[in-house]
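Report on the following structure.
In what follows, chains carry the letters A, B, and so on, assigned in the order in which the sequence lines appear, proteins first and then strands, with residues in each chain numbered from 1. Quick caveat: nothing in here was measured; it's all calculated off a predicted structure.
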Amino acid sequence: MNYWLMKSEPDVFGIDDLRTRPQQTEHWDGIRNYQARNMMRDEMKKGDLVFFYHSNTNPVGIAGIMKIAREAYPDFTAQNPDSKYYDPKSNPDNPRWYMVDVKFVRKLKSVITLEELKQHADALGDMALLRKGNRLSINPVTKEQWDYILELE
DNA sequence: GCCAACGTTGGC
DNA sequence: GCCAACGTTGGC
């Protein structure tokens, strides 16, 4: 069982959007970074738990929990010229980009903010999220970090 | 293979 | 809206 953190801007797609989707499930499209893609494609397994992180909002932080409902499959938005995620270099026979399906688990009682996480930087070790300049939209989380963060709720 | 230009992310 | 960080592109 692996743990993850995935970022999304709530103005575009937030935890409440996932909660109100049919079956409370949605595909996580638009990953266009190779490092993030590789983690998603090669390491994410069905049942893995994921922190839903709200970025570019106020306050930024972890808003809820979801789980991987379907393992990686080709991101069809890469083949759609009308999509903002269209990638003309992706070939349907050899897809460049992948996505997973995520299912809502629960919201946190309140958002655990980035500021609060930073205050616990020592206990959280070198958590990827807290690294300077980290822009990856998918971050691995250790079990220790996962458990510790939930204690902050 | 280098690297300047450019685009994107995401906190503030 | 600003800007630091960083990834990608493309000319050479």
Side-chain angles (χ1 to χ4, degrees), chain A residues 2-21 26-44 48-68 72-142 144-146 148-153:
Chain A
N2 299 312
Y3 299 88
W4 307 95
L5 177 146
M6 293 164 80
K7 300 177 185 174
S8 180
E9 302 183 22
D11 288 348
V12 179
F13 184 76
I15 186 77
D16 283 320
D17 296 304
L18 180 60
R19 182 174 54 82
T20 53
R21 283 291 193 274
E26 186 58 279
H27 55 266
W28 198 274
D29 60 15
I31 298 294
R32 296 292 180 271
N33 171 285
Y34 289 108
Q35 243 184 299
R37 179 205 67 182
N38 292 346
M39 283 191 277
M40 192 166 61
R41 185 189 59 190
D42 304 336
E43 297 175 45
M44 276 190 175
D48 284 359
L49 289 169
V50 185
F51 283 136
F52 195 133
Y53 181 91
H54 283 176
S55 64
N56 267 310
T57 185
N58 189 17
V60 297
I62 297 167
I65 297 174
M66 52 191 175
K67 65 183 176 186
I68 302 300
Y73 60 103
D75 182 341
F76 51 76
T77 64
Q79 313 303 146
N80 176 5
D82 295 326
S83 169
K84 65 178 280 202
Y85 298 124
Y86 178 58
D87 181 355
K89 292 176 187 165
S90 181
N91 177 344
D93 297 327
N94 183 20
R96 178 182 290 202
W97 304 115
Y98 286 78
M99 58 183 165
V100 294
D101 287 354
V102 292
K103 183 176 171 64
F104 177 84
V105 174
R106 68 177 178 91
K107 289 176 73 168
L108 299 190
K109 297 187 197 90
S110 62
V111 172
I112 298 175
T113 64
L114 178 60
E115 187 186 6
E116 189 175 0
L117 292 171
K118 283 178 177 170
Q119 288 166 9
H120 295 270
D122 286 347
L124 291 171
D126 64 342
M127 190 179 183
L129 179 75
L130 301 180
R131 259 178 239 147
K132 188 177 180 184
N134 168 45
R135 297 180 312 154
L136 266 189
S137 58
I138 297 179
N139 286 264
V141 175
T142 67
E144 290 71 25
Q145 289 161 349
W146 179 275
Y148 185 90
I149 288 168
L150 283 182
E151 292 287 316
L152 301 177
E153 191 182 2

Provide, to the nearest angstrom, the distance between the [atom1] atom belonging to [X] and the [atom2] atom belonging to [N].
X: A/Leu129; N: C/dA5; atom1: CG; atom2: P; answer: 17 Å
X: A/Asn56; N: C/dC3; atom1: CG; atom2: P; answer: 17 Å
X: A/Ile138; N: C/dG7; atom1: CD1; atom2: P; answer: 15 Å
X: A/Tyr85; N: B/dT8; atom1: OH; atom2: C1'; answer: 12 Å
X: A/Leu130; N: B/dG11; atom1: CG; atom2: P; answer: 11 Å
X: A/Leu5; N: B/dG10; atom1: CG; atom2: C1'; answer: 13 Å
X: A/Glu115; N: B/dG11; atom1: CD; atom2: C1'; answer: 12 Å
X: A/Met6; N: B/dG10; atom1: CE; atom2: P; answer: 12 Å

- prompt: With a 4.5 Å heavy-atom cut-off, do A/Leu129 and A/Val141 have their side chains touching?
  reply: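 A/Leu129 does not reach A/Val141 side chain to side chain.
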
- request: Using only side-chain N and O atoms of A/Lys118, determine if any of them is under 4.0 Å from OP1 or OP2 of B/dG11.
  value: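 Negative; the distance criterion is not met.
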
message: Is the phosphate of B/dG11 approached by A/Tyr53 (side-chain N or O, under 4.0 Å from OP1 or OP2)?
response: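 Affirmative; the distance criterion is met.
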
message: Can you confirm whether more than 12 heavy atoms, excluding those of A/Glu116, are under 6.0 Å from its CD atom?
response: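 Yes.
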
field: Residue closer to the 5' end of DNA chain C, A/Lys132 versus A/Lys89 (nearest nucleotide)
entry: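 Result: A/Lys132.
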
- request: Ignoring the backbone of A/Leu114, work out which of B/dC12, C/dT8, C/dG7 is nearest its side chain.
  value: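 Comparing B/dC12, C/dT8, C/dG7 against the side chain of A/Leu114, the answer is B/dC12.
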
query: What nucleotide among C/dT8, C/dG7, B/dG10 has an atom nearest to a side-chain atom of A/Ser55?
result: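 Side chain of A/Ser55 sits closest to B/dG10.
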
message: Could you tell me if A/Asp101 and A/Tyr73 have a donor-acceptor pair between their side chains, going purely by distance under 3.5 Å?
response: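 A donor-acceptor contact under 3.5 Å links the two side chains.
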
- prompt: Strictly by modelled atom types, are A/Thr77 and A/Arg32 linked by a side-chain donor-acceptor pair under 3.5 Å?
  reply: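 There is such a pair (donor and acceptor under 3.5 Å, judged by atom type) between the side chains of A/Thr77 and A/Arg32.
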
- request: Please round to the nearest 0.5 Å and tell me the distance separating atom CG of A/Asp126 and atom CD of A/Gln145.
  value: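 If we round to the nearest 0.5 Å, A/Asp126:CG and A/Gln145:CD are 7.0 Å apart.
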
- request: Answer with yes or no whether A/Arg135 presents, from its side chain, a donor or acceptor under 3.5 Å of a partner atom in the base of B/dT8.
  value: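 Yes, the side chain and the base share a sub-3.5 Å donor-acceptor pair.
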
